[in-house]
Amino acid sequence: MPNRVIVNADDFGLNREKNAVIVRAFRCGLISSATLMANMPAFAQACALIHAEGLHGRVGLHVNLTHGRPLSETIANLSCFCDATGEFHLRLPRYRLWLGRATRAAIDEELEAQWQRCLYHGVRPSHLDSHQHVHNIWPVGEQLARFAAARGVPLRLARNLGNNLGPIKRLFKSLLNRRLRQLAGRCAEHVCTTADLRDQPLPAQGTLEVIAHPCNLDRDFGDAYLAPGESLAALLERRLGNVPRTAYGIVEMPVGSPGSP
C-alpha cells in the first residue's frame, strides 16, 4: 500500500464547466491536486477560483503544447508543433529521441510564457505535468524536467503502472523516468490513471499519483478514464480509502538518483 496518494485533476482552466467540476471535487475531498492550463479560455477564472478557495500549493502547471494557441511566438512558426494558422498541431512522433537546439529553445520560451502567466495571476505552480502526456516524448520531457529543476518544483513521471505496458513500452518508460528523475530531481515514485487504479495491484510503498479527469455523475463523480456511470469516488474509497491524500506542494518529494528504477 502506498504511503500517500496525490489525486490530481488535469485540465483546470480548459473551460468553465471543467473548472466547476474540479472545484466541487476539491470541496468534497475527492481530489487533492490539480494542474492548470495557462493558454485556455477559462484560465483567468480558474486562477480566481484558486484564490477564492485557498488552493495555493495544490495547483501545478499543465504544460500545453498540443491544444489551442501558444503564448509565445517562436513555437507558433515551427511546423512540428503548430499549423499554418499558429494553432498547436503536434507532429512529433511519440518515440522521437532528439530535437535541435532551436526547437528546444522554442519549447523553453513557451514553458516560460505559460509559467509567467500563472505568476502574473498570483499563482505559483506547485509542480509540472503535461496535456496529453506530451512530456512522454523523450526530448520534450527533458526540457520540462530541466525547467522543473530550475524552478524548484517536482515533475510528474511517465505513467508506470498499467496492464497495457508491454515489454518494449515498459522498458522505454523506465529509461525515460530514470532520465526525468536525473534532470528534475523530485518526482512521485508511481503514476497511474484511474483505470489503472481499478485494475492493477497497488505499489507497496512510496507516493502514488493518480491522474484524474473528473466529470459530473449526478451528485457523484465519474472520470474520463472510467466506464460511463462508474463512480470515481467509490473507486478511490475502495482502493485508497485509508491512504492519506496530499499534493506536490505540501509533501516533500523524494529526490531521484541516476540509478533509480
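The figures here come from the full heavy-atom set of this structure, side chains too, leaving out hydrogens, waters and symmetry mates. Here the structure is a predicted model, which is why all the values come from computation and not from measurement.
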If we ignore angles and hydrogens, is there a donor and acceptor under 3.5 Å between the side chains of His135 and Asp129? no
With hydrophobic residues grouped by side-chain heavy-atom distances under 4.5 Å, do Ile22 and Leu217 end up in a single group? no
For Ser32 and Ile6 the tightest heavy-atom approach is OG-CA, 3.7 Å
Pair Glu230-Asp223, side-chain contact (heavy atoms from CB on, under 4.5 Å): steps then yes or no: CA-CA 8 Å; Glu230 189 173 358; Asp223 190 89; over 6 Å; no
Write down the atom of Ala76, the atom of Pro70, and the distance for their closest heavy-atom approach. CB-CG, 3.9 Å
Is any side-chain heavy atom of Arg159 closer than 4.5 Å to a side-chain heavy atom of Lys173? yes
Run Leu92 and Phe81 through side-chain contact (heavy atoms from CB on, under 4.5 Å) and show every step you take. CA-CA 7 Å; Leu92 284 179; Phe81 277 97; 3.6 Å; yes
Which other residues end up in the same hydrophobic cluster as Leu71, if Ile, Leu, Val, Met, Phe, Trp and Tyr are linked when side-chain heavy atoms come under 4.5 Å apart? none
Any side-chain heavy-atom pair from Leu128 and Leu111 closer than 4.5 angstrom? no
Would Leu99 and Leu78 show up in the same hydrophobic cluster when neighbours are defined by side-chain heavy atoms closer than 4.5 Å? yes
Under a plain distance cut-off of 3.5 Å, with no hydrogens placed, do Asp11 and His62 share a side-chain donor-acceptor pair? yes
Quick one: do Leu144 and Leu61 end up in the same hydrophobic cluster if we chain Ile, Leu, Val, Met, Phe, Trp and Tyr together by side-chain heavy atoms under 4.5 Å apart? yes
Tyr248 six-ring face occupied by Arg156 cation (under 6.0 Å, within 45°): no
Regarding Arg24 and Glu53, does a basic nitrogen lie under 4.0 Å from an acidic carboxylate oxygen? no
Would you kindly confirm whether Leu180 and Leu97 end up in one hydrophobic cluster when ILVMFWY residues are joined by side chain heavy atoms under 4.5 Å apart? yes
Out of Leu65, Leu90, Leu176, which one pairs with Ile137 under the side chain to side chain contact (heavy atoms under 4.5 Å, CB included) rule? Leu90
Test item: side-chain donor near acceptor, Asn177 and Ser174, under 3.5 Å: no
Can you hop from Leu202 to Val5 via hydrophobic side chains spaced under 4.5 Å? yes
Testing the 3.5 Å rule here: is there a donor-acceptor pair between the side chains of Gln114 and Asn39? no
